[in-house]
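Working notes, beginning with the structure itself.
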Amino acid sequence: MTSASVQYFNGELTGNTGVVARLIQQHTGADLFSIRTENKYPPTYDETLEVGEREHDEDARPEMISKITDLDSYDTVFIGFPNWYYDMPMVMYSFFDEYDFSGKKIIPFNTSGGSRFSSTINTIRQLEPNAVVTEGLSINYSRLDEAPLRVEEFLKTFGY
């Protein structure tokens, strides 16, 4: 996490996407898993953007230090990420390279400054062709105050 979106939510330090993840957890009882990179992102917004842009331009695959040990026990997986440079952060490509979501339902969600999902849902479908990838929920970081209601409404469409 970086200062680009760090904030406290229910007494826990998280980012904008983490806030949405925790709201989803509150409604579904889901387990939380945080994708963490070996090399931490810088502490300032501008520096983080520079690193994100460089990773994107280089088609990098940042090393993950967090690992899922029991993916087989899940049928539905909510996957959240911020939208950086009209794409997922490059660590998400590392994530999809490492794990096989065949036979699972992937429900994407993201936070962005205005570009919403761009083409990332289609990208996830290409990376995980044997999974069912649904339409997702995108929340603008400047409208995070609307997230509780938006998450609740979105989850109702899936029976939660």
Side-chain angles (χ1 to χ4, degrees), residues 1-25 28 30-134 136-141 144 147 151:
M1 287 186 261
T2 70
S3 64
S5 66
V6 170
Q7 61 195 285
Y8 282 96
F9 180 77
N10 289 344
E12 187 174 355
L13 191 63
T14 188
N16 292 336
T17 305
V19 169
V20 178
R22 283 160 179 78
L23 290 168
I24 290 169
Q25 179 192 38
T28 64
D31 295 327
L32 286 177
F33 173 79
S34 181
I35 299 169
R36 301 211 181 262
T37 57
E38 182 176 313
N39 296 320
K40 292 185 179 190
Y41 289 97
T44 68
Y45 181 77
D46 289 339
E47 290 174 310
T48 298
L49 286 180
E50 288 174 16
V51 172
E53 183 177 26
R54 186 173 54 250
E55 287 178 351
H56 186 266
D57 290 348
E58 295 171 357
D59 198 27
R61 294 296 185 272
E63 186 71 28
M64 296 185 307
I65 58 170
S66 49
K67 305 291 181 185
I68 298 174
T69 57
D70 57 351
L71 183 60
D72 290 342
S73 65
Y74 300 98
D75 295 324
T76 300
V77 181
F78 291 86
I79 297 180
F81 52 89
N83 192 327
W84 289 357
Y85 296 96
Y86 305 98
D87 200 353
M88 300 180 287
M90 298 313 292
V91 71
M92 296 305 299
Y93 289 87
S94 303
F95 179 75
F96 286 116
D97 287 348
E98 182 157 339
Y99 297 104
D100 180 6
F101 289 87
S102 294
K104 299 189 183 306
K105 179 190 288 186
I106 296 173
I107 304 175
F109 65 95
N110 83 350
T111 55
S112 77
S115 54
R116 303 179 42 84
F117 279 107
S118 301
S119 61
T120 58
I121 291 178
N122 286 333
T123 299
I124 295 169
R125 287 179 177 138
Q126 291 170 2
L127 295 170
E128 296 295 338
N130 297 315
V132 174
V133 181
T134 70
L137 173 67
S138 183
I139 297 181
N140 187 294
Y141 76 88
L144 204 60
V151 166

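One-based numbering along the sequence shown. Here the structure is a predicted model, which means the values were calculated and not measured.
Residues I124 and P108 share a closest heavy-atom pair of CD1-CB, 4.3 Å. Summarising the geometry of A131 relative to F101, their closest heavy-atom pair is CB-O, 3.3 Å, with the distance given to 0.1 Å. Nearest heavy-atom pair across G80 and T17 is C-CG2, 3.6 Å.
In this structure, L71 and D100 have side chains that are not in contact, with every pair of non-hydrogen atoms separated by 4.5 Å or more. Contact check for V51 versus R54: side-chain heavy atoms found under the 4.5 Å cut-off. For the pair I121 and R125, the minimum side-chain heavy-atom distance is below 4.5 Å.
Side-chain N or O atoms of N110 include one that pairs as donor or acceptor with a backbone N or O of R116 at under 3.5 Å. For E38 (side chain) and I65 (main-chain N/O), no donor-acceptor pair under 3.5 Å exists by modelled atom type. The backbone N or O of P42 sits less than 3.5 Å from a side-chain atom of T48, completing a donor-acceptor pair. Y74 places no side-chain N or O within donor-acceptor distance of the main-chain N or O of D31, the cut-off being under 3.5 Å. A donor-acceptor contact shorter than 3.5 Å links the side chain of S66 to the backbone of S34. A donor-acceptor distance shorter than 3.5 angstrom exists from the side chain of T37 to the backbone of N39, with no hydrogens or angles considered.
In this structure, the separation between CG on L127 and CG on N122 is 11.0 Å, given to the nearest 0.5 Å. Taking CZ of R36 as the start and NZ of K67 as the end, the distance is 14.0 Å to the nearest 0.5 Å. Going from atom OG of S73 over to atom CG of D75 covers 8.5 Å, rounded to the nearest 0.5 Å. Interatomic distance, Y85 OH to N83 CG, rounded to the nearest 0.5 Å: 11.5 Å. Atom CD1 of I79 and atom CZ of F33 lie 10.0 Å apart (nearest 0.5 Å). How far CZ of F117 is from CG of L137: 6.5 Å, rounded to the nearest 0.5 Å.
For the side-chain hydrogen bond (donor to acceptor under 3.5 Å, both in side chains) test, residues two or more places apart in sequence or in another chain that qualify with D59 are R61.
A salt bridge is absent between E128 and K104: the closest approach of a Lys/Arg side-chain nitrogen to an acidic carboxylate oxygen does not fall below 4.0 angstrom.
No more than 12 heavy atoms of other residues, nucleotides or ligands shown are found within 6.0 angstrom of OH on Y86.
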Using distance only, find each side-chain donor-acceptor pair of residues 87-96 under 3.5 Å and give its atom names and separation, not counting sequence neighbours.
| unit_1 | atom_1 | unit_2 | atom_2 | d |
| --- | --- | --- | --- | --- |
| D87 | OD1 | Y93 | OH | 2.7 |
| D87 | OD2 | H56 | NE2 | 3.4 |
| D87 | OD2 | Y93 | OH | 3.0 |
| S94 | OG | P62 | O | 2.7 |

